[in-house]
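Please read the structure below before turning to the comments.
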Amino acid sequence: MSYQVLARKYRPGNFQALEGQTHVLQALINALDSNRLHHAYLFSGTRGVGKTTIARIFAKCLNCESGVTSTPCDQCASCTEIASGRSVDLIEIDAASRTGVDDMRELLDNVQYMPTSCRYKVYLIDEVHMLSKSSFNAMLKTLEEPPEHVKFLFATTDPKKLPITVLSRCLQFNLKNMTPERVVNHLREVLAAEQIEAEEAALWQLGRAADGSMRDALSLTDQAIAFSEGQLSEASVSAMLGTVDRREVFDLLQTLSARDGPALHQQIQDIAAYAPDFMALLDEMLSVLHRLAIAQIIPAGIDNSFGDREQLEGLAGQLSKEEVQLFYQVGLIGKRDLPLAPDPQIGFEMVLIRMLAFELEGPGAPSRVSPDPGQEPLTSGEPVEAKQSSSETPISGLLDRLNNAAPSAKPVEPAGGGESGPKEAAKVADKVASSGKLASFVVKAALSSAQAQSQETENVADQAETGQAVEPEEPLPEVATDLNTELTQNTEQPKSAGPGLQVPGETEVIDAGHWPVMLEQLALNGITQTLASNCCLQRLEGNEIVLILDKDHSSLCNDIQIQRIAEALSESLSRKMDLTIEIGELSGATPAMIAEQRRLQMLEDAVQEIESDGNVQALIAG
Ligand SMILES: [Zn+2]
């Protein structure tokens, strides 16, 4: 038997098997059981949340031979025919492909005839918002007074595009997005039925990547099974998705807690080899720090929803509460500044060096949960006085300096020479010693500055979501290789481009070299962006565009992704484009390769910069 994709194989056949949408199901079940039926229903919601699935089950409920019921028998001829898609009285129309008024007239002419074998003739129109205006007008009269034996079921991802006149004649149900919890629960059941082992953390990666759509979750799981040859591990799933492996974040925090500068630097280099999304990496780090803080303050409040409880508990004992708060704050500010950094990797590296540098000054150390016996107490008067004389408490001073620090500022400033007597120093030492008080103070300080940052952080997050390119503030260093010359030209072009896709003059042929610029203007995100950036442009003629996909990334390619890229291209070029993605030998550098080349160059520059910086060297050595 041929392989059936998970989304079809595990498509629910009755309301009880459906995940979520209880608010919609309850209303439908009540209507069916009390036989108070409307003649037109509209199901709206994003892709893959169950619109057509619910509509098909509803059609079964209407036509089951045992009578109109919310629990169809699944045995009778009507039920089995509808389930297998063979029923002549369930007429499914994809409005995206049949938008014309002639199609609609033909359909409406048949409405008057009685159903062939069922109780009701059910018209299921998917993506109904795609119908033309004249089609809607042709339908209105029938929709107003349909024959007794006809039911209309509409599904749409965009109800705002429906005419009011149509909306007002339908009973509308808005389906909710699937939460990651719900997706993970369902995946767990499906994989158990398929007898495929999966790491808990891998399921959560898939659950979050699905972005609210159960169908996407199952498609991704299909790919992950193929990609990882049977067993779903966190590493293989994150490699497939191009997302962050949470273990890397734990390793980084482990190294930070060990204050091992050289190891930290090496780790960042190793991670950079995979060309990760540094903003996502920083997000992941903040998420781990948040869970660490909960683990330290309310140990019972930690669930295993990321499959990482053991690691969390281990790390919670190695870092002090103050350190966790400080790292979180440094990370949050780093996230705000990341788009301003000349390169995301430099920005990320600076954030970690800051965590290390501020921490090395010592004030966070006093209340480690399991103190290191070899560690010297840092509360003696001399260093505290020298370093903290200008601020009220050590950590609030650090936070102030962090908040005021410009993105390009050195991580450590020389100690201020403010006036302070021994009395002041004693006060500071006293505060440091009473760690309980300090902890609550730090939380307050962190909260208030976090609030101050939240507006800007949101902006940054928005930028990250829309996949906006981070443009270097300074011109790129001149490098003699062809790739970089091409890159410099490419990054300059979009600045002068208008809102639409910039296409060379009529006589000029669009060749492979234009692809990176075109891609940037498509503003794709997530997996779609990863897929497209691993392609080369093979041909663009008229409405036809052919991309070649690097075979290492072939697992990312599926119909949904191709459709998304095709839609973005059609919109940009203002004409309907037919996209083909062929997997094979690349004819040149992909945008991903060009970006990688640029990253390596930036990293080299950054390493040189760091190595030539006396302050940083002193810190790492210390
Ligand atoms: Zn039945």
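Position 1 is the first residue of the sequence, and the numbers go up from there.
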*Do you know the tightest heavy-atom contact between Ala217 and Ala210?*
CB-CB, 3.5 Å
*Could you walk me through whether Asn185 and Arg188 pass the side-chain hydrogen bond (donor to acceptor under 3.5 Å, both in side chains) test, one step at a time?*
CA-CA 5 Å; Asn185 282 338; Arg188 214 179 275 131; 3.1 Å; yes
*Taking Gln21 for the side chain and Lys176 for the main chain, is one N or O donor matched with an acceptor at less than 3.5 Å?*
yes
*asked:* Working to the nearest 0.5 angstrom, can you tell me the gap between Glu181 CD and Trp204 CH2?
replied: 4.0 Å
*So do the side chains of Arg354 and Ile333 get within less than 4.5 Å of each other, counting heavy atoms only?*
yes
*Going through the distances and angles, do Arg564 and Asp216 end up as a salt bridge (Lys or Arg N to Asp or Glu O under 4.0 Å)?*
CA-CA 13 Å; Arg564 282 184 197 160; Asp216 281 11; 2.9 Å; yes
*Just by modelled atom types, is the Glu234 backbone N or O under 3.5 Å from a matching donor or acceptor in the Glu199 side chain?*
yes
*asked:* Taking the side chain as everything from C-beta on, heavy atoms only, tell me whether Met518 gets closer than 4.5 Å to Leu569.
replied: yes
*asked:* Show the nearest heavy-atom pair for residues Phe348 and Leu281, with the distance to one decimal.
replied: CZ-CD2, 3.4 Å
*Do Val5 and Ser219 come close enough that some side-chain heavy atom pair is under 4.5 Å?*
no
*Hey, what do you get for CG (Asp343) to CG (Leu338), rounding to the nearest 0.5 Å?*
9.0 Å
*Crowding at CZ, Arg575 (>12 non-hydrogen neighbours, <6.0 Å)*: yes
*Pro591 vs Trp515 side-chain heavy atoms within contact, under 4.5 Å*: yes
*Is there a side chain to side chain contact (heavy atoms under 4.5 Å, CB included) between Leu547 and Leu537 once you walk through the steps?*
CA-CA 5 Å; Leu547 299 176; Leu537 177 62; 3.8 Å; yes
*In Å, rounded to the nearest 0.5 Å, how long is the span from CG of Leu191 to CG of Leu206?*
8.5 Å
_Salt-bridge contact Arg259-Glu323 (side-chain N to carboxylate O under 4.0 Å)_ = yes
*When rounded to the nearest 0.5 angstrom, what is the spacing between CZ in Phe227 and CE in Met240?*
7.5 Å
*What are the two closest non-hydrogen atoms of Gly45 and Lys51, and how far apart are they?*
O-NZ, 3.1 Å
*Can you check whether Lys551 reaches Glu585 side chain to side chain, under 4.5 Å on heavy atoms?*
yes
*Shortest non-hydrogen contact from Val183 to Gly207?*
CG1-CA, 3.7 Å
*Within a radius of less than 6.0 Å around CD of Glu197, do more than 12 heavy atoms belonging to other residues, nucleotides or ligands occur?*
no
*asked:* Under a plain distance cut-off of 3.5 Å, with no hydrogens placed, do Gln318 and Gln254 share a side-chain donor-acceptor pair?
replied: yes
*Report, as yes or no, whether the 6.0 Å neighbourhood of atom CD on Glu571 holds more than 12 heavy atoms from other residues, nucleotides or ligands.*
no
*Not counting sequence neighbours, which residues clear side chain to side chain donor-acceptor pair (under 3.5 Å) with Asp277? List them please.*
none
*asked:* Taking Arg47's backbone N and O only, do any of them form a donor-acceptor pair with Ser213's side chain (distance below 3.5 Å, no angle check)?
replied: yes
*Evaluation steps, side chain to side chain contact (heavy atoms under 4.5 Å, CB included), between Gln311 and Val288*: CA-CA 10 Å; Gln311 284 166 299; Val288 169; over 6 Å; no
*Determine, step by step, whether Glu567 and Gln563 satisfy the side-chain hydrogen bond (donor to acceptor under 3.5 Å, both in side chains) criterion, reporting the C-alpha distance in whole Å, the side-chain angles of both residues, the deciding distance to 0.1 Å, and the verdict.*
CA-CA 6 Å; Glu567 277 167 10; Gln563 197 191 336; 3.0 Å; yes
*Can you find a heavy atom in the side chain of Leu232 that is under 4.5 Å from one in the side chain of Thr221?*
yes
*Straight-line distance of Met355 CE to Tyr328 OH, nearest 0.5 Å*: 11.0 Å
*Under the side chain to side chain contact (heavy atoms under 4.5 Å, CB included) rule, what do Glu248 and Glu284 come out as? Steps first, then yes or no, please.*
CA-CA 10 Å; Glu248 277 167 1; Glu284 209 58 47; over 6 Å; no
_Testing the basics here: between Met285 and Val249, what is the closest heavy-atom pair and its distance to 0.1 Å?_
CA-CG1, 3.6 Å
*Apply the side chain to side chain contact (heavy atoms under 4.5 Å, CB included) test between Leu531 and each candidate in Leu549, Leu524, Asp550; give the one that qualifies.*
Leu549
*Main-chain N/O of Ala566 paired to Ser570 side chain as donor or acceptor, under 3.5 Å*: yes
*asked:* One pair to check against side chain to side chain contact (heavy atoms under 4.5 Å, CB included): Ile353 and His265. What are the steps and the verdict?
replied: CA-CA 9 Å; Ile353 290 176; His265 182 61; over 6 Å; no
*Of the non-hydrogen atoms in Thr255 and Leu264, which two are nearest, and what is the gap between them?*
CG2-N, 3.6 Å
*So do Val351 and Leu282 actually touch side chain to side chain, heavy atoms under 4.5 Å?*
yes
_Nearest 0.5 angstrom please: Asp222 CG to Leu6 CG, how far?_
4.0 Å
_Gln538 and Ser587, any side-chain heavy atoms less than 4.5 Å apart_ = yes
